[in-house]
Structure formats: structure tokens, C-alpha cells
Number of protein chains: 2
Amino acid sequence: MTLSTRDLLPIGELAARSGIAASALRYYEDLGLIHAERTSGGQRRYRRSTLRRLAFIRAAQRIGLSLDEVGESLGRLPVDHVPNAAEWKGVATSWQRRIDQQIEELERLKAKLTGCVGCGCLSLTRCGLYNLDDAAGAAGPGARYLLGDRAPAPPRSQDPPPRPPTY
Amino acid sequence: MTLSTRDLLPIGELAARSGIAASALRYYEDLGLIHAERTSGGQRRYRRSTLRRLAFIRAAQRIGLSLDEVGESLGRLPVDHVPNAAEWKGVATSWQRRIDQQIEELERLKAKLTGCVGCGCLSLTRCGLYNLDDAAGAAGPGARYLLGDRAPAPPRSQDPPPRPPTY
DNA sequence: GTGCAACTTCAAGCCGACTTGAGGTCAAGC
DNA sequence: GCTTGACCTCAAGTCGGCTTGAAGTTGCAC
């Protein structure tokens with residue numbers, strides 16, 4: 001494929017058109033996410049298709065992929081032609097799964113929170129908010145034994161009788 | 001209020017019971033999120049109620065609050081007594097709003113993605129994925145002008161006629 | 001009263017995703 | 001051919017949320 005000069009964008013123009021800082025574009029290149037031709041003087045010249053690639057990257061980031069993972073996703077798409085339905089579907093459905101998981105986690109949180117609005121107690125033993133350690137615990141550190149008095153190998157016997165707790 | 005010795009936990013025990021590393025607990029103290037009494041020798045001793053506070057912190061982080069914001073939320077709760085329904089409700093509903101926004105954003109993404117599975121094109125001019133710059137654009141950098149050929153102050157006239165794009 | 005684990009502080013390091021700055025080169029318009 | 005803005009590389013800095021390490025102290029069991 002021949003490339004007329006108007007198909008090659010200098011970094012500043014790509015930055016303006018994509019809304020992504022030139023420094024970030026160079027960084028993406030270091031990571032191997034995008035690629036640029038070079039002029040004889042060493043300046044970057046980007047194909048227009050890079051804009052599409054950048055859009056893909058931004059979309060992936062929005063879903064919560066790290067740039068590492070974005071690289072993987074990009075690797076699943078063909079290099080030499082626009083992805084066909086089948087190729088694209090693989091990536092898209094894995095993204096969808098990810099989104100669904102995130103939504104699920106948020107719905108769980110929301111449900112517990114709703115329960116708590118009613119109780120107003122923040123009781124360690126009753127409040128669902130302290131029981132967020134669902135097996136399929138999504139991302140994040142995860143509150144593991146936050147039911148204090150029921151921690152593994154509890155040093156002291158029993159939950160003390162409910163007394164007015166303080167903050 | 002008198003505190004018997006069994007109500008005061010050393011940092012290691014609080015760490016074990018909360019599942020939060022001792023170093024993180026010290027860090028939270030630096031940020032003013034939690035507080036500890038001190039022994040005559042200077043070691044930290046935590047009230048049991050700190051466990052509840054930590055649970056609150058973890059829950060808030062899961063919703064996506066920064067520790068700064070967690071501090072604000074904590075500031076809206078009473079220091080001297082367990083929050084009553086009204087006090088708790090303020091915090092909880094602001095958290096719920098936040099969750100709802102996140103879910104909405106994800107639903108939008110998902111919808112666009114679903115459209116794309118069908119089209120398999122990743123066309124710059126047609127694909128919804130490149131149009132994620134909804135006004136109420138949630139968190140994240142936000143793909144601003146990713147419709148490359150329609151960037152503000154477009155240097156060159158028109159969208160070129162659709163040619164097979166490459167990756 | 002002693003031994004040792006658990007604690008203390010303070011400074012520095014780490015991760016991801018970039019940005020900033022210094023010092024120098026390129027390329028396009030006049 | 002010269003000017004000037006856009007570009008180059010490389011190193012270091014930033015931010016949030018911690019962790020790690022060094023060097024020293026405390027407190028509980030025996």
C-alpha cells in the first residue's frame with residue numbers, strides 16, 4: 001500500500017485529533033501499543049489508522065483494562081486488515097463479560113447499602129456492608145475478616161452482648 | 001467512658017481482625033482516618049469501634065472513593081455515638097448516587113459494545129465506541145476528539161471517501 | 001529480670017500511567 | 001539560508017495508596 005504524505009500525521013496533529021497528549025503517544029509507543037513511521041530526520045509520522053487504534057485503547061481503558069491488558073486485546077485483532085465480525089466478537093465479548101462483572105459487583109454493593117439505609121446501625125454483626133467478601137470478590141483489596149469478632153482463630157471467645165457502639 | 005484492657009487492641013491484632021496491614025493502619029492514622037490511644041511506652045491501642053470504622057473505609061474504597069473522600073464521608077458521621085438513621089442516610093444516599101452513576105456509565109459502554117459486535121467494523125464514522133464522550137463523562141481521561149476527521153479546527157477539509165482501513 | 005516478638009519512627013521504594021524538563025535537532029515558510 | 005515552532009531523547013518527577021527496611025524500643029511470658 002502506498003501512502004501519500006497526507007496520510008501521515010506528525011505527533012502534534014495526532015495528539016490534537018485524538019485528544020491524547022503527545023507524551024502519552026510516545027509512551028504508548030514504548031509499550032508497543034502503537035507504531036509510527038519515521039522521517040529521515042527521525043520524527044514520527046503516524047498512519048491515520050492509528051486514530052482508530054487510539055480510540056480502541058481509550059475505550060478499553062474506560063472499561064478498566066490496564067495498558068498491559070489493552071496490549072493483549074490489541075494482539076487479538078488482525079494487523080493487516082480491519083477486523084471482521086468474528087475477530088471483533090472475541091474481543092468484544094470478553095469486554096462485555098468484564099463490564100457485567102463490574103456491574104454485578106456494584107449492584108451487590110448497592111443492595112447492601114440500601115439495606116443499611118433502613119437499619120442505620122452499622123452493627124458489626126448485622127450490617128451487610130461488613131460482609132462484602134463475596135467469593136467472586138471482583139477487584140480491590142477486599143475486606144477479609146471485617147466481621148471482627150468472628151475472625152479466624154478468634155483470640156477471645158464470644159461476641160460481647162450488644163452495647164451502644166461509638167465511632 | 002471507661003475502657004477495660006480487653007477493649008483495646010494492639011495494631012497487630014487490629015490488622016489480623018480487619019485484614020488490613022499494620023502499615024496501612026499507620027498510614028490511615030497519618031491521614032486522620034482512624035485514631036489510636038497510646039500506651040505509656042508509645043504503642044498504639046485501638047478501640048474496638050475502630051473495626052467498624054475500618055469496615056466503613058473499605059466499603060467506601062470499594063465504591064471508588066479516594067481516601068480523601070473517605071475522610072469527608074467519615075466527617076459526616078457523628079464522633080460520639082453510632083449514627084442514627086438520618087445521619088447514616090445522608091452518607092448512604094450519596095454513596096448510592098455514586099454507584100448509580102458508575103452503573104450507568106458501564107451500561108452505556110456495554111450498549112455501544114453490543115452494537116459493535118454486530119457491525120464488526122470499528123468504523124471511525126459509524127462505530128458508537130468512538131463516541132464515548134458523553135457530556136456526563138464519569139471518571140477517566142475521556143476520549144475527547146476521537147472522531148479524528150471531525151476534530152475541532154480540522155486542518156484538512158473532508159472525511160476521505162471510505163476506504164478499507166487497517167490496524 | 002531476661003528474652004524475644006511485637007511494636008516504634010522515618011525515609012525510601014513501588015506500581016501504573018503519564019508529565020515535565022533539559023538540552024538538542026528537524027522541517028517548513030519566508 | 002534563516003528563523004522558529006515542532007519535534008527528538010532521556011532522566012526524573014507526580015500521584016495515590018500503600019509496602020519495605022533500618023535502627024531502635026516496649027511489653028508480656030517465663
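Below, read A as the first sequence line, B as the second, and so on, with proteins coming before strands; counting in each chain starts at 1.
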>> Using whole Å, what does the distance between atom P of nucleotide D/dG27 and atom CG of B/Leu9 come to?
In response: 16 Å
> Parallel, tilted or perpendicular: which fits the ring planes of B/Trp95 and B/Trp88, with parallel below 30° and perpendicular above 60°?
Replying inline: perpendicular
>> So if I take the C1' atoms of five pairs at each end of the helix from C/dG1-D/dC30 to C/dC30-D/dG1 and get each local axis, what angle do the two axes make, rounded to 10 degrees?
In response: 0°
>> B/Arg38: which residues meet the side chain to side chain donor-acceptor pair (under 3.5 Å) condition with it, sequence neighbours left out?
In response: B/Glu29
>> For B/Asp68, is the CG atom crowded, meaning more than 12 foreign heavy atoms sit under 6.0 Å from it?
In response: no
> Roughly how many Å is it from CG in B/Leu33 to C1' in D/dG16, rounded to a whole number?
Replying inline: 13 Å
> How close or far is atom C1' of C/dT19 from atom CG of A/Asp30, stated in whole angstroms?
Replying inline: 13 Å
> In terms of the nearest nucleotide of DNA chain C, which residue is placed more toward the 5' end: A/Thr39 or A/Ala22?
Replying inline: A/Ala22
> In whole Å, what is the span from the CD1 atom of A/Ile34 to the P atom of C/dC18?
Replying inline: 11 Å
>> Test your reading of the model: is there a side-chain donor-acceptor pair from A/Thr93 to the backbone of A/Lys89, 3.5 Å cut-off?
In response: yes
>> Within the 4.0 Å limit for protein heavy atoms, which parts of nucleotides 3-10 of chain D are touched? Write it as a string from 5' to 3', B for base, S for sugar-phosphate only, - for none.
In response: ----SSB-
Please list, pair by pair, any protein nitrogen or oxygen found under 3.5 Å from a nitrogen or oxygen in nucleotides 11-17 of chain C.
from, atom 1, to, atom 2, distance (Å)
C/dA17, OP1, A/Leu67, N, 3.3
C/dA17, OP2, A/Leu67, N, 3.2

> Could you state the interatomic distance from NZ (B/Lys112) to CD1 (A/Ile99), rounded to the nearest 0.5 Å?
Replying inline: 12.0 Å
> Distance check: side-chain N/O of A/Ser23 vs OP1/OP2 of C/dT20, anything under 4.0 Å?
Replying inline: no
> Is B/Arg53 reaching over with its side chain to a backbone N or O of B/Leu33, donor-acceptor style, under 3.5 angstrom?
Replying inline: yes
> Sequence neighbours excluded, which residues qualify as side chain to side chain donor-acceptor pair (under 3.5 Å) partners of B/Tyr27?
Replying inline: none
> For B/Ser40 and D/dT26, is the shortest distance between a side-chain N/O and OP1 or OP2 below 4.0 Å?
Replying inline: no
> Taking 4.0 angstrom as the limit, do B/Glu105 and B/Arg108 come out as a salt bridge?
Replying inline: yes
> If you take all heavy atoms of B/Pro10 and B/Arg45, which pair is closest and at what distance?
Replying inline: CB-NH1, 3.7 Å
> Does any non-hydrogen side-chain atom of B/Gln61 lie less than 4.5 Å from one of B/Ser66?
Replying inline: no
> Got a sec, which residues hit side chain to side chain donor-acceptor pair (under 3.5 Å) with A/Arg98, two or more places apart in sequence or on another chain?
Replying inline: A/Glu69
